[in-house]
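As a basis for the values below, the full set of heavy atoms in this structure was taken, side chains included, without hydrogen atoms, waters or symmetry mates. This structure is a prediction, so every number in the text was calculated from the model and none was measured.
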Amino acid sequence: MARPNDEVESLLREYADLLAITGGDAFKARAYERAARAIAGCHDDVSTLGARELKAIPGVGKSIADKIEEYFRDGRVAAFEEVRARIPAGVRQLIEIPTLGPKKAALLHDQLGISSVDELADAIKAERLRGLKGFGPKTEENILHGIDLMRQTGGRVLLDVAMNLAEEIVATLSAVTGCLRCTYAGSLRRYRETIGDVDILAAATDSAPIMAAFRNLDLVDEVIASGEKKTSIRTTKGLQVDLRVVPLEAWGAALQYFTGSQAHNVRTREIAVHAKLKLSEYGLFDVETGKLVVSETEEEVYRRLGLAWIPPTLREDRGEIDAAARDQLPGLVTERDLRGDLHTHTDLTDGVATLEDMLETAAQRGYAYYAVTDHAPNLVMQRMSDEKMLFQRARLRELDGKYGRMRLLHGTELNIDADGDVDWPPDFLEGFDVCVASVHSSFGQSRRDMTRRLVRACENPHVNIIGHPTTRLIGRRDPVDADLAEVFRACARTGTALEVNSLPDRLDLRDEHILWAKEFGVKFAINSDAHSTQNLHGISYGVGTAQRGWLTPDDVINTWPLTRLRKFLLKASPTP
DNA sequence: GCCGTTTTCGGCCCGACTGTTTTCAGTCG
């Protein structure tokens, strides 16, 4: 919904990248990045702000405020256009490749005229990089691996990008006269971690006005196909969106059909066939008579197939159909079940919002408790100190009780070092209500070392939650190599929870690993890892991921009442 | 380009890691 802010954010980021590539003042590039982050995390719509309000945003001064105003006035910023004209867009894409930064990208462009990822891949294969200063065989290998990682996600986008787009489209189409219902379906409704294209479903007697509104959306770059029942467009950012309009009577069947997954649909249609029925997007039909049996709601469709209604996040053919047939589907954890958030940051470290702003937003979410867990000193760039941490704790204790019923917990996000040790000695750790511990360095350790490292962290009596356990970044960094079964066993044994991190580029643990860990009796914490107030709402992505891992409220420690949670945090005895 | 309980100038997140180098540049968190 904060689209103008997102536009400005991406514009400022682009300019920062281009400055870095042109090799100008590194601090200037960093200033633009900082401003971009602050604007993304700003809750006001920047397109409505005047110069004075813009400059009140930390990191935004006169120059950037002017450029933002210029952008909303003219639709462009002259200074940005000038740099864009010099650096092809493809060169900027090069720095998206992990291990390839602005300096190397500039060199590749200047020396070899390379201006796209494809050209770079070709150049490496043609051995054109040989002899280029600073490029050896290992660098070539790293770049190729990086390109490979990028291509694995292909044209897919992260969950939040697709969700924001879909919600905007659904809101617009829902307002069209004659639109009886509208929602998103497909992999987005299933909360898959990346989305290839967005599926929107609407119900109406006359589809024409909805189709027209869809084709005329500002974000449409190209109409790929347009008919009475279906229209496909490509957005200006290259994402394909399909809209299907169905009669209201077919809503349930269509929603079931377009939510998928393919494997799930194949199974459900097989069940239909065995019952002499036919399931399509228009309904469930009797094969012999051709008559419609049911179609109005998903519940009816599933029921008629002898199945309980299956939550979309389970529809991956991972046993949900058998469970539904036996009426043994898990009571999945929902966002409403969450009583608190146990991993959040403030501007004391790398968050962009103040402690008070974060608490205010958290309280509005109706939480019963909330932990502030800023970074610990070993992540040197965060410049944490004992004094700062203790000062924050004192402030937090002061504020406790001032946000309705929400109780405040003081925590930290520790760094698990290469040996499995963490930042502070036991007597200092003792003072925290909750400690998250995460890997932030030495990602490339051997399987044996990494396993030992994580297990040692679990064995630390003060470590309550392993943060983003595999440390992957979707499309950017592989998960660490560890014997996860060994880690899960250690978690269960020591009463250490595994995090389901909700940041859309992490979603870590991921669905399959959650399912697996659950078998060991591990408990989980669904956390936002929020660095801004908006991020706090992004916990929905973690909930979706947890659902895909079949988690129930009992599996998730931050659905528990505070007294039960506190007992768990003491690590006095193994998992209750 | 931003910012100021030392400041309107001179700092700015700083250290580890990697690969390419024989002393360092680039990238990352």
Residue met sooner reading DNA chain B from 5', once A/L100 and A/L132 are mapped to nucleotides: A/L132
Comparing A/A65 and A/G134 on DNA chain B - which has the more 5′ nearest nucleotide: A/A65
Between [Y] and [X], is there a side-chain heavy-atom distance shorter than 4.5 Å?
{"X": "A/I64", "Y": "A/L54", "value": "no"}
{"X": "A/V436", "Y": "A/L414", "value": "no"}
{"X": "A/L509", "Y": "A/W516", "value": "no"}

Provide the distance between the two [atom1] atoms, one in [N] and one in [M], to the nearest whole Å.
{"N": "B/dC3", "M": "B/dC13", "atom1": "P", "value": "12 Å"}
{"N": "B/dT22", "M": "B/dC28", "atom1": "C1'", "value": "24 Å"}
{"N": "B/dC12", "M": "B/dT8", "atom1": "C1'", "value": "15 Å"}

Between [options], which nucleotide has the shortest distance from any of its atoms to the side chain of [X]?
{"X": "A/R476", "options": "B/dT27, B/dC28, B/dG1", "value": "B/dC28"}
{"X": "A/S442", "options": "B/dG26, B/dC17, B/dG29", "value": "B/dC17"}
{"X": "A/P137", "options": "B/dG15, B/dG1, B/dT20", "value": "B/dT20"}
{"X": "A/K103", "options": "B/dT27, B/dC2, B/dG29", "value": "B/dT27"}
{"X": "A/P102", "options": "B/dT27, B/dG15, B/dC2", "value": "B/dT27"}
{"X": "A/A31", "options": "B/dC28, B/dG15, B/dC2", "value": "B/dC2"}

cation_pi(A/R548, A/Y191) dist<6.0 Å, angle<=45: no
Give one of base, sugar-phosphate or nothing for [X], where a contact means two heavy atoms less than 4.0 Å apart.
{"X": "A/K67", "value": "sugar-phosphate"}
{"X": "A/T139", "value": "sugar-phosphate"}
{"X": "A/K62", "value": "sugar-phosphate"}
{"X": "A/D25", "value": "base"}

Crowding at CG, A/D218 (>12 non-hydrogen neighbours, <6.0 Å): no
Take the protein atom [atom1] of [X] and the nucleotide atom [atom2] of [N], then report the distance between them rounded to whole Å.
{"X": "A/R477", "N": "B/dT18", "atom1": "CZ", "atom2": "P", "result": "13 Å"}
{"X": "A/K138", "N": "B/dT18", "atom1": "NZ", "atom2": "P", "result": "10 Å"}
{"X": "A/H440", "N": "B/dG29", "atom1": "NE2", "atom2": "P", "result": "10 Å"}
{"X": "A/K55", "N": "B/dT8", "atom1": "NZ", "atom2": "P", "result": "18 Å"}
{"X": "A/N378", "N": "B/dG15", "atom1": "CG", "atom2": "P", "result": "13 Å"}
{"X": "A/I143", "N": "B/dT20", "atom1": "CD1", "atom2": "C1'", "result": "13 Å"}
{"X": "A/I21", "N": "B/dG26", "atom1": "CD1", "atom2": "P", "result": "14 Å"}
{"X": "A/K133", "N": "B/dT23", "atom1": "NZ", "atom2": "C1'", "result": "11 Å"}

N or O in side chain of A/N142 less than 4.0 angstrom from B/dG19 OP1/OP2: yes
No-hydrogen, no-angle side-chain donor-acceptor test under 3.5 Å, A/E193 and A/Y541: no
Base-pairing assignment for B/dG15 (Watson-Crick or G-U wobble, both under 3.5 Å): B/dC28
